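What follows is a set of notes on a single structure, which appears directly below.
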Amino acid sequence: MDRRLFLLLLVAGCADTSTEFKPVTGSPFPTPEPHPPRPDLPSAPPAPTSSGDASFDEWRGQFRNRALAAGLAPALLDRELAGLTPNPRVISLDSAQPEFSKPVGDYIKGTVSDDRIARGQRYRAELPFWGEVEQRFGVPRDILIAVWAMESGFGAIQGDFDVIRCMASLAFHGRRRAFAEGELIAALKIIESGEADRGRLKGSWAGAMGQTQFLPSNYLATAVDGDGDGRRDIWGSSNDALASAANLLAKGGWTRGEGWAREVIAPPGFDYSLTEGPRETPNWWAGLGLKPADGRGWSSADTMAKAMLAAPSGAEGPIFLLFPNHFAIRKYNNSTAYALGIGVLADRFAGGGPLARAWPMEIPLGIGDRIAAQTALARLGFSPGEPDGVVGVNTRTALRAWQKARGITADGYLSMDMVRRLNVEVGALSPAG
C-alpha cells in the first residue's frame, strides 16, 4: 500500500466529573437531586501534562473533543494521551521532499533482486496456507509474497515508531491533518477493542504497521484472522498478515483469474501519445501493432479485460498494457513504480523470466529541473498543474501534448533532454512571453 505511499497520523485525556451529593447532618434543606450528565457536552479533561509546546497542547485539547465525538472513551484518552509530545523526526520526514526523483527503472531493478526472488520462491513452496488464502480471496500467492517482500522484507522490518505519537505529530503538523486525525482515531479504536495494546502498535513513521504495513484504518476495515486463533495479528502471524493483504486487494477491486499487466512491443512509428489514455481490450491494441513481448497469447480472462498502455521510462524502455488488477495493487500504494515492482517481482516468483526490454540508463532529475520543466510547459501554453516538482499525470499529459505539437515522440517521459529543450524554447520567448 509506498502500499508502499505514497502515504500517510495523537491526543488528550479526561475523567468522569459527575458529582455525588450527600446530605449534611442537621441541614434544614432537602438533599438536591444530582443533575444527569449532558450527553451533548464533552467531558472536561483533567489538566493535561504540558508537552512543552503550547501549540501542540492546544491541538491536543481540540482533538480530544473530536475523539470523544467519534465515540472514544474518556478513560482511554486520559491514559493514551497523557504525556504525549510531538516527534520532530516524524515532522521532518513528512516535510522533506526528495531532492532527486528516482527513475522507475532504477526502482524496479532495486526491487527485483536475485536474493529476493530466491526467498520468495522458497516461501511460495513452503508456506502451508496458500491454497486457502487464494481460494478465499482470489489473489495469487505470488502477488501477496511480493507485497510482503516490498512492505517489510518478508516480515523482518516492520518499523519501531510509536504509531499513536506518529499520527499525533502528523496531525499537529497540519499538512494532512484530516487524514492523520482519522488514522489516530482508528489506532485508538484498535487499543479500545483489545485487539492490540499501545506497545504492539509499532510501525513506520507514517503509521503503517505489521508485516504488510497496514494503516490503522486498513486494519479495522480489512484485517482478518487467517490462522483461526481468534486474533487479527498482522505483526506476529504471517498467515494473518497475508490473508489481510489479500482481503485489502480483493476489496480494492482485484479480479480473480485476470493478470496484472503484460509487457508488449510496439511497432516502428507507434503513436505513444496513447499512453495513459484509452482503456481497451488486447485485441484493440493488437490492431495498432502491439504484441506480447514474451510471444505468448492472451488468456481468455485477459482477452476480455480493458487495459491501459504505460511507458514508465519512455519509448526507449519497457512498455506495458496495464490490466485492472494493476490498479487494484495501487489501492495499496498509489504509485505506478510500486505497482509495477509488485507485479514484475510476482512474475519472477512464478517462474517467469526477466523483461524482454531492458530499462534504459536514466539520469535522476533534481527538483529544480522538474519545477523548471513544469513552469516552462505552463508558459508555452500547456497545463501541467501547480509547479510542485511532482511529475504526475497532469505533467505527463501536458508534456505529451507539447511533444506531439513539436513532432517529438509523445511518450510523456520527462528526461534531462526534454528539460533542456523546454528551457531553450521558453528562454527564446520575449520577456512579455
Side-chain angles (χ1 to χ4, degrees), residues 1-9 104 107-108 111 133-134 136-152 155 158-159 163 167 170 176 178-180 182-183 185-187 190 203-204 206-224 226 232 234 240-262 276 279 301-302 305-310 312 320-347 349 390 392-394 396:
M1 222 232 187
D2 141 1
R3 243 171 2 357
R4 317 190 10 249
L5 333 13
F6 282 160
L7 218 172
L8 269 258
L9 334 141
V104 173
Y107 178 88
I108 302 296
T111 295
V133 171
E134 289 176 324
R136 180 177 177 185
F137 299 106
V139 181
R141 67 188 68 184
D142 302 303
I143 292 289
L144 299 174
I145 299 169
V147 168
W148 194 28
M150 293 270 280
E151 294 293 341
S152 68
Q158 299 184 32
V163 169
M167 293 302 184
L170 291 169
R176 295 181 292 163
F179 162 77
E183 293 300 333
I185 287 173
I190 293 171
S204 73
M209 313 178 298
Q211 297 188 35
T212 44
Q213 293 290 279
F214 270 28
L215 289 170
S217 61
N218 293 146
Y219 178 91
L220 290 176
T222 60
V224 296
R232 301 188 294 175
I234 62 172
D240 287 4
L242 292 163
S244 297
N247 191 34
L248 187 153
L249 291 169
K251 288 188 172 184
W254 186 274
T255 302
R256 189 185 296 260
E258 286 183 10
W260 67 277
R262 286 284 293 278
E276 294 188 291
R279 299 193 186 194
D302 289 350
K306 292 193 173 182
M308 185 180 82
L309 185 66
F320 303 87
L321 285 183
L322 305 177
F323 293 110
N325 283 341
H326 166 90
F327 299 95
I329 296 171
R330 285 169 62 168
K331 295 294 178 65
Y332 216 112
N333 182 328
N334 190 22
S335 158
T336 301
Y338 175 87
L340 284 172
I342 292 292
V344 171
L345 191 57
D347 286 352
F349 292 154
V390 178
V393 172
N394 290 340
R396 293 192 297 271

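Just so it is clear, the model here is predicted, and its values are computed rather than measured.
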### Query
salt bridge (Lys or Arg N to Asp or Glu O under 4.0 Å): which pairs involve residues 250-262, sequence neighbours left out?
Arg262-Asp294

### Query
Sequence neighbours excluded, which residues qualify as side-chain contact (heavy atoms from CB on, under 4.5 Å) partners of Ser204?
Ala206, Ala208, Gln213

#### Entry: Residues that Asp240 engages under salt bridge (Lys or Arg N to Asp or Glu O under 4.0 Å), provided they are two or more places apart
none

### Task
Please report the C-alpha distance between Leu340 and Tyr107 in whole Å, then the side-chain angles of each, then the deciding distance to 0.1 Å, and finally whether the side chain to side chain contact (heavy atoms under 4.5 Å, CB included) criterion is met.
CA-CA 10 Å; Leu340 284 172; Tyr107 178 88; over 6 Å; no

#### Entry: Donor-acceptor pair, side chain of Trp254 and main chain of Gly138, under 3.5 angstrom
yes

### Summary
Note: Val163 and Gly203 closest approach over all heavy atoms is CG2-N, 3.8 Å

### Message
If I take atom CG from residue Asn325 and atom OG1 from residue Thr255, how far apart are they, to the nearest 0.5 angstrom?
### Response
5.0 Å

### Task
Could you pull out all residues at least two apart from Glu276 that satisfy salt bridge (Lys or Arg N to Asp or Glu O under 4.0 Å)?
Arg396, Arg400

### Task
Using the test side-chain contact (heavy atoms from CB on, under 4.5 Å), find all partners of Arg136 that sit at least two apart in sequence or belong to another chain.
Val224

### Summary
Residues at least two apart in sequence or cross-chain that pass side-chain contact (heavy atoms from CB on, under 4.5 Å) with Ala241, listed by chain then number, are Gln211, Thr212, Ile234

### Sequence-distant partners of Trp260, side-chain hydrogen bond (donor to acceptor under 3.5 Å, both in side chains), two or more places apart
Asp347

## Note on the structure
Between Phe323 and Ala305 the two heavy atoms that sit nearest each other are CD2-CB, 3.7 Å

### Message
What's the separation between atom CG in Leu144 and atom OG in Ser244, rounded to the nearest 0.5 Å?
### Response
10.5 Å

#### Entry: Nearest atoms (heavy-atom pairs only) where Val139 meets Ala250
CG2-N, 4.3 Å

### Query
Does Tyr219 have any ring pair (Phe, Tyr, Trp, His ring centres under 6.0 Å) partners at least two apart in sequence or in another chain, and if so, which?
Trp235

### Task
Identify the heavy atoms of Arg330 and Ala339 that sit nearest to each other, and give their distance.
CG-CB, 3.5 Å

### Summary
Ala328 and Gly253 have their tightest heavy-atom pair at CB-C, 3.9 Å

### Task
Could you list the residues that satisfy side-chain hydrogen bond (donor to acceptor under 3.5 Å, both in side chains) with Thr111, not counting sequence neighbours?
none

### Query
How close do Gly341 and Ile108 get, heavy atom to heavy atom, and via which atoms?
N-CD1, 3.4 Å

### With Ala261 via side-chain contact (heavy atoms from CB on, under 4.5 Å) - residues at least two apart
Leu322

#### Entry: Leu248 side chain near Asn218 side chain, heavy-atom distance below 4.5 Å
yes

### Message
Going by the rule side-chain hydrogen bond (donor to acceptor under 3.5 Å, both in side chains), which residues pair with Ser217 if we only count those two or more places apart in sequence or in a different chain?
### Response
Glu183

### Summary
Here the gap from Leu220 atom CG to Arg232 atom CZ, rounded to the nearest 0.5 Å, amounts to 6.5 Å

### Task
Measure the CD1-CG distance between Ile329 and Asn334 for me, rounded to the nearest 0.5 Å.
12.0 Å

### Query
Please walk me through it: do Thr336 and Val104 pass side chain to side chain contact (heavy atoms under 4.5 Å, CB included)?
CA-CA 9 Å; Thr336 301; Val104 173; over 6 Å; no

### Query
Are Leu249 and Phe137 close enough that some pair of their side-chain heavy atoms sits under 4.5 Å apart?
no

## Note on the structure
Residues pairing under salt bridge (Lys or Arg N to Asp or Glu O under 4.0 Å) where one sits in residues 140-150, two or more places apart or in two chains, turn out to be Arg124-Asp142, Glu134-Arg141

#### Entry: From CA spacing to verdict: side chain to side chain contact (heavy atoms under 4.5 Å, CB included), Phe327, Met308
CA-CA 10 Å; Phe327 299 95; Met308 185 180 82; 3.6 Å; yes

